[in-house]
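As a basis for the values below, the full set of heavy atoms in this structure was taken, side chains included, without hydrogen atoms, waters or symmetry mates.
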Amino acid sequence: QVQLTESGGGLLQVGASLRLSCKADGWMYDRYIMAWFRQTPGKEREFLARLRWTRGDTFYADSAKGRFTISRDKGEFIMYLDMINLRPEDTAVYYCAGGGSWASTSSAYTTWGQGTQVTVSS
């Protein structure tokens, strides 16, 4: 059973950059998929990006293209989300997730971190 722990959230100004981390503890099989989602109160979790742990290929939601970059450090079992030019509408709780499906829906992921708050102030 993999456990995921996010870190790196905080309070930032418009235009700032931020790196979120997701540490994975436990065994991950070769085809493990990891992803980043975010959620604001009253809304469903929004898919941002995913990657295939072993091969490293990635996929982005349209809303994340150009400003968000997903990556991983295989040796340290850490996944990252680098965000640039942050906007107030990026304010949300950001979650990392893991599972076996190459999908953008939250239901496809079986393991979730506890979330980390990102607040962008104007």
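Checked against side-chain hydrogen bond (donor to acceptor under 3.5 Å, both in side chains), T119 has the following partners two or more places apart in sequence or in another chain: Q117. Under the ring-ring contact (aromatic ring centres under 6.0 Å, His included) criterion, Y80 pairs with no residue at all, not counting sequence neighbours. Shown here are the salt bridge (charged side-chain N to carboxylate O under 4.0 Å, His left out) partners of R50, two or more places apart in sequence or in another chain: there are none. Here R87 pairs with nothing under the salt bridge (charged side-chain N to carboxylate O under 4.0 Å, His left out) rule; sequence neighbours left out. D57 pairs by the salt bridge (charged side-chain N to carboxylate O under 4.0 Å, His left out) definition with R52, R55, not counting sequence neighbours. Not counting sequence neighbours, E6 has no partner by the salt bridge (charged side-chain N to carboxylate O under 4.0 Å, His left out) test. By the ring-ring contact (aromatic ring centres under 6.0 Å, His included) test, Y109 pairs with F37, sequence neighbours left out.
Residue pairs satisfying the disulfide bond (SG atoms under 2.5 Å apart) criterion with at least one member in residues 51-122, sequence neighbours excluded, are listed as follows: C22-C96. Residue pairs satisfying the salt bridge (charged side-chain N to carboxylate O under 4.0 Å, His left out) criterion with at least one member in residues 10-21, sequence neighbours excluded, are listed as follows: R19-D82. Screening residues 58-67 for salt bridge (charged side-chain N to carboxylate O under 4.0 Å, His left out), with sequence neighbours left out, gives D62-K65, R67-D90. For residues 70-80, there are no salt bridge (charged side-chain N to carboxylate O under 4.0 Å, His left out) pairs, not counting sequence neighbours.
Using cut-offs of 30° and 60° on the angle between ring planes, the pair F77 and W53 is parallel.
Inter-residue side-chain proximity for R38 and F68 is flagged as met; some heavy-atom pair is nearer than 4.5 Å.
Residue L11 shares its hydrophobic cluster (ILVMFWY side chains chained together at separations under 4.5 Å) with no other residue.
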